[in-house]
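Shown next, in structure tokens, is the structure this report addresses.
Nothing fancy with the numbering, it's 1 onward along the sequence.
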Amino acid sequence: MAEELSPEQEKEIKKLNVFKIKGRDKRGRKILRIIGKYFPAKELSLDVLNQYLEKKIFPKLERPFAVVYIHTEVCKSENFPGISFLRSVYDSIPVTVKQNLETVYFVHPDLQSRLFLATFGRFIFTGGLYGKLQYVSRLDYLWDHVRRNKMEIPEFVRDHDEDLEYRPMMDYGVESDHPRVYGAPAVDSSVAMYSTRCIS
């Protein structure tokens, strides 16, 4: 039997600020911002999430819109719900909402997510979603598409973006994302270190 969305769960999901519709991109489309780090993967059931989206999010997306998905600090063991979960959520999205989704800006993709989507994205996300995906490695590149003063970006995302400016090899998983003193060698040995962030 499907779990029903309770008023308490609805308030809690809203409070987490995972999903927020605010602002527009430079083509005038509404923005649905999704912050992956805030997603309560361990506590939230598929039924409850689908009911929340159906009640609070989908009715506001009746016209063409874009998604800004922020992947910063997403970790498989903490806030990543799994591929089958994501596929089920995607399959439950109404056809009209899928048709209205025109672009997904994927902010701060790591090496693992790039490789996975490049390999399996076309098969898992049908209906052309993979073709709507745009990787955005820096916030400055996001502002080429989205109106900066209309988009709220959490401080930890800005901090990570600044780290990437000093240590660009983190983009490719060649350098660990553990804190280090700026100006120190990016790689301590002749063997490059792969990113330890949420290795699948």
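Contact of the Leu53 side chain with the Val89 side chain is registered, since non-hydrogen atoms from C-beta on lie closer than 4.5 Å. No side-chain heavy atom of Thr103 sits under 4.5 Å from any side-chain heavy atom of Asp25. Residues Phe156 and Ile35 are in side-chain contact: their nearest non-hydrogen atoms beyond the backbone lie under 4.5 Å apart. Under the 4.5 Å side-chain criterion, counting only non-hydrogen atoms from C-beta, Leu49 is in contact with Phe85. Taking 4.5 Å as the limit, some side-chain heavy atom of His145 sits within range of a side-chain heavy atom of Gln134. You'll find the side chain of Glu155 reaches within 4.5 Å of the side chain of Asp159, heavy atoms only. Side-chain contact between Tyr38 and Ile70: absent, with no pair of heavy atoms (C-beta onward) separated by less than 4.5 Å. Counting heavy atoms from C-beta outward, Lys22 and Arg33 have side chains that stay 4.5 Å or more apart.
Of all non-hydrogen atoms in Pro109 and Ser137, the two that sit nearest each other are CD-CA, 4.4 Å. The nearest pair of heavy atoms linking Leu86 to Pro81 is CD2-CG, 3.9 Å. Nearest heavy-atom pair, Gly36 versus Asn79, reported as atom, atom and distance to 0.1 Å: O-CB, 3.6 Å. Ser92 and Asn50 get closest at one heavy-atom pair: OG-OD1, 3.0 Å.
The distance from atom SG of Cys75 to atom NZ of Lys37, rounded to the nearest 0.5 Å, is 11.0 Å. Distance check: Phe120 CZ to Leu115 CG gives 10.5 Å after rounding to the nearest 0.5 Å. The CD atom of Gln99 lies 11.0 Å from the CG atom of Leu101; values are rounded to the nearest 0.5 Å. Remark: Met151 CE to Leu139 CG distance equals 10.0 Å, nearest 0.5 Å.
For the 3.5 Å distance criterion, the side chains of Asp110 and Ser113 qualify, holding a donor opposite an acceptor.
A cation-pi arrangement is present between Lys98 and Tyr90, with the terminal nitrogen or guanidinium carbon under 6.0 Å from the aromatic centre and inside a 45° cone about the axis.
Side-chain atoms of Asn100 come within 3.5 Å of backbone atoms of Thr96 as a donor-acceptor pair (strictly under, hydrogens ignored). Side-chain atoms of Lys26 come within 3.5 Å of backbone atoms of Trp143 as a donor-acceptor pair (strictly under, hydrogens ignored).
When the options His108, Glu162, Glu165 are evaluated for a side-chain hydrogen bond (donor to acceptor under 3.5 Å, both in side chains) with Arg138, the one that passes is Glu165. Paired with Gln9 under the rule side-chain hydrogen bond (donor to acceptor under 3.5 Å, both in side chains), one option of Lys14, Gln51, Glu4, Glu3 passes, and it is Glu3.
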For residues 55-69, dump all side-chain donor-acceptor pairs below 3.5 Å to protein atoms at least two apart in sequence or in another chain.
unit_1: Lys55; atom_1: NZ; unit_2: Glu10; atom_2: OE1; d: 2.8
unit_1: Tyr69; atom_1: OH; unit_2: His71; atom_2: ND1; d: 2.9

(request) Applying side-chain contact (heavy atoms from CB on, under 4.5 Å), run through Tyr52 and Leu44 and close with a yes or a no. (result) CA-CA 11 Å; Tyr52 179 83; Leu44 193 61; over 6 Å; no
(message) Please evaluate residues Val107 and Ile153 with respect to the criterion side-chain contact (heavy atoms from CB on, under 4.5 Å), reporting the C-alpha separation (whole Å), side-chain torsions for both, the decisive distance (0.1 Å), and the verdict.
(response) CA-CA 11 Å; Val107 179; Ile153 299 292; over 6 Å; no
(request) Evaluate side-chain contact (heavy atoms from CB on, under 4.5 Å) for Ile34 paired with Phe39, printing each intermediate quantity in order. (result) CA-CA 9 Å; Ile34 303 173; Phe39 188 79; over 6 Å; no
(message) Between Asp140 and Arg148, is the side-chain contact (heavy atoms from CB on, under 4.5 Å) condition met? List the steps.
(response) CA-CA 9 Å; Asp140 278 346; Arg148 183 194 300 246; 4.2 Å; yes
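No more than 12 heavy-atom neighbours from other residues, nucleotides or ligands sit within 6.0 angstrom of OH on Tyr141. Counting non-hydrogen atoms of other residues, nucleotides and ligands closer than 6.0 Å to CZ of Arg27 gives a total of 12 or fewer.
Shown here are the salt bridge (Lys or Arg N to Asp or Glu O under 4.0 Å) partners of Lys30, two or more places apart in sequence or in another chain: there are none.
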